[in-house]
Amino acid sequence: MREHDSSGRATMRRGRRTFDDDDPGFLKRGRLEPALTEDPDLPEAGDRWSTWDGALHGPQPRPAWVRTEHRAVDTELGMLKTGKEADVFLVRRAVPDTGQVSLLAAKRYRDAEHRLFHRDAGYLEGRRVRRSREMRAMATRTSFGRDLIAGQWAAAEFAALSRLWQLGHDSGAICVPYPVQLAGTELMLEFVGDWESGQAAPRLAQLRPDPDELRDLWDQLVEALSVLARCGLAHGDLSPYNLLVHGGRLVLIDLPQVVDVVANPQGPQFLARDVRNVATWFAARGLPAEVLDDEELTARLLSDAGLG
């Protein structure tokens with residue numbers, strides 16, 4: 001992404017954005033966590049000082065647009081997406097009076113009382129913590145255990161994005177948002193979209209590509225899935241709703257449930273489901289059957305992962 005000056009500020013407003021959850025039957029329950037941490041020493045402009053200091057940072061080489069200055073301030077611009085386990089907000093991080101601005105997607109996992117980790121048992125197989133007390137708490141879904149699970153999901157997504165972004169930077173074979181930082185259960189990511197308007201890039205499910213574009217997007221997806229498989233990973237919840245298209249590039253998002261296909265006994269099933277979900281969409285859009293063979297692709301990916 002390129003840097004932008006603060007001229008885009010007039011086009012951005014606080015409040016709910018139109019990028020809602022991909023499950024149309026989902027009704028959000030309970031309250032959200034506080035949007036920004038209370039700070040007795042608030043900046044004159046913005047909602048809080050940058051939380052860069054003290055957070056875990058993304059991989060090197062760091063993109064030039066990442067603001068690392070201690071005097072940078074964060075301003076929340078609205079909600080990008082609401083989900084069952086986390087909500088995503090648009091945040092402007094700027095150094096006052098300099099024109100140095102970046103837009104971030106702040107993904108915040110819900111507190112234990114209002115989080116809906118309804119599908120996590122299968123995903124968490126193969127992930128282990130050191131203490132038996134923590135394992136019991138996670139297994140019985142106590143409040144403490146759900147907090148641990150949230151931390152695991154945030155840390156797993158940050159680690160996966162860091163690894164995949166580095167691979168994509170080196171090879172161009174996969175595209176994911178740059179993971180800027182991780183602080184607790186708040187993950188700050190590269191905002192993928194138009195920095196002038198604050199409009200998020202469209203999901204694949206929203207598009208109606210022509211035949212050439214459809215084939216190109218499929219080829220990009222197969223290459224990205226191959227990168228994941230060679231890392232021993234499956235997305236775990238892949239669908240046209242967590243793939244963005246920006247500048248002609250397919251961008252994988254939402255990886256908290258990333259699955260180790262070797263350590264997780266259900267890993268091959270998660271990988272096969274990922275392929276089936278996206279293949280169904282491409283088939284419905286007219287991708288020729290001779291190009292689209294989900295069973296053959298699944299077998300090839302399992303072989304890439306060392307399970308063939």
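Residue numbers start at 1 and run along the sequence shown. If you're wondering where the values come from, they're calculated on a predicted model, not measured in any experiment. Reckoned from all heavy atoms, side chains included, excluding hydrogens, waters and symmetry mates.
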Euclidean distance, [Y] [atom2] relative to [X] [atom1], rounded to 0.5 Å:
{"X": "Leu233", "Y": "Arg230", "atom1": "CG", "atom2": "CZ", "value": "12.0 Å"}
{"X": "Leu187", "Y": "Leu161", "atom1": "CG", "atom2": "CG", "value": "6.5 Å"}
{"X": "Glu213", "Y": "Arg208", "atom1": "CD", "atom2": "CZ", "value": "13.0 Å"}
{"X": "Leu164", "Y": "Cys175", "atom1": "CG", "atom2": "SG", "value": "11.0 Å"}
{"X": "Gln206", "Y": "Tyr241", "atom1": "CD", "atom2": "OH", "value": "9.0 Å"}
{"X": "Leu204", "Y": "Leu243", "atom1": "CG", "atom2": "CG", "value": "5.5 Å"}

So, do [X] and [Y] sit near enough that their side-chain heavy atoms are less than 4.5 Å apart?
{"X": "Val73", "Y": "Ser50", "value": "no"}
{"X": "Phe282", "Y": "Pro209", "value": "no"}
{"X": "Leu217", "Y": "Val245", "value": "yes"}
{"X": "Leu244", "Y": "Pro202", "value": "no"}
{"X": "Asp237", "Y": "Val259", "value": "no"}

Would you mind checking if [Y] and [X] are paired as a salt bridge, meaning a charged N to carboxylate O distance below 4.0 Å?
{"X": "Lys107", "Y": "Glu190", "result": "no"}
{"X": "Arg67", "Y": "Glu69", "result": "yes"}
{"X": "Asp216", "Y": "Arg249", "result": "no"}
{"X": "Glu76", "Y": "Arg92", "result": "no"}

* To do: Treating Ile, Leu, Val, Met, Phe, Trp and Tyr as nodes and any side-chain heavy-atom pair under 4.5 angstrom as an edge, say whether Val261 and Val222 lie in one connected cluster.
  => yes

* Joint hydrophobic cluster, Val95 plus Phe191, side-chain heavy atoms closer than 4.5 Å -> no

Measure across [X] and [Y] and return the closest heavy-atom pair with its distance rounded to 0.1 Å.
{"X": "Leu182", "Y": "Gly184", "answer": "CD1-O, 3.5 Å"}
{"X": "Ser102", "Y": "Trp195", "answer": "CA-CZ3, 3.5 Å"}
{"X": "Leu287", "Y": "Arg215", "answer": "CD1-CA, 4.0 Å"}
{"X": "Val91", "Y": "Ala106", "answer": "CG2-CB, 3.9 Å"}
{"X": "Trp218", "Y": "Ala279", "answer": "CZ3-CA, 4.2 Å"}
{"X": "Ala234", "Y": "Val258", "answer": "O-CG2, 3.4 Å"}

* Which is it for Asn242 and Leu252 under the side chain to side chain contact (heavy atoms under 4.5 Å, CB included) test, yes or no, and what are the steps along the way? -> CA-CA 6 Å; Asn242 45 37; Leu252 276 71; over 6 Å; no

* **Criterion side chain to side chain contact (heavy atoms under 4.5 Å, CB included) on Arg163 and Gln166, from CA distance to verdict** => CA-CA 5 Å; Arg163 184 178 181 186; Gln166 188 69 70; 6.0 Å; no

Side chain of [X], backbone of [Y]: donor and acceptor closer than 3.5 Å?
{"X": "Glu223", "Y": "Gln220", "answer": "no"}
{"X": "Glu186", "Y": "Ala183", "answer": "no"}
{"X": "His235", "Y": "Asp254", "answer": "yes"}
{"X": "Asn277", "Y": "Leu238", "answer": "yes"}
{"X": "Gln199", "Y": "Asp194", "answer": "no"}

Could you pull out all donor-acceptor pairs under 3.5 Å where a side-chain atom in residues 51-62 meets a protein atom, sequence neighbours excluded?
{"from": "Thr51", "atom 1": "OG1", "to": "Arg93", "atom 2": "NH2", "distance (Å)": "3.3"}
{"from": "Thr51", "atom 1": "OG1", "to": "Gln181", "atom 2": "NE2", "distance (Å)": "2.7"}
{"from": "His57", "atom 1": "NE2", "to": "Trp52", "atom 2": "O", "distance (Å)": "2.9"}
{"from": "His57", "atom 1": "NE2", "to": "Ala55", "atom 2": "O", "distance (Å)": "3.3"}
{"from": "Gln60", "atom 1": "OE1", "to": "Arg62", "atom 2": "N", "distance (Å)": "3.0"}

* May I ask you to check whether Asp87 and Thr82 show a side-chain donor-acceptor distance below 3.5 Å? => yes

* Asked: Above 12 or not: heavy atoms from other molecules or residues under 6.0 Å from CG of Asp210?
  -> yes

* Is it the case that more than 12 heavy atoms not belonging to Glu295 sit under 6.0 Å from its CD atom? -> no

* Which is it for Phe158 and Leu189 under the side chain to side chain contact (heavy atoms under 4.5 Å, CB included) test, yes or no, and what are the steps along the way? -> CA-CA 9 Å; Phe158 182 75; Leu189 305 169; 6.0 Å; no

Tabulate below the donor-acceptor pairs under 3.5 Å that side-chain atoms of residues 296-308 make, not counting sequence neighbours, or state none.
{"from": "Glu296", "atom 1": "OE2", "to": "Arg300", "atom 2": "NE", "distance (Å)": "3.4"}
{"from": "Thr298", "atom 1": "OG1", "to": "Asp294", "atom 2": "O", "distance (Å)": "2.8"}

* Between Trp65 and Val180, does a side chain to side chain contact (heavy atoms under 4.5 Å, CB included) hold up when you go through it step by step? -> CA-CA 10 Å; Trp65 53 264; Val180 175; 3.8 Å; yes

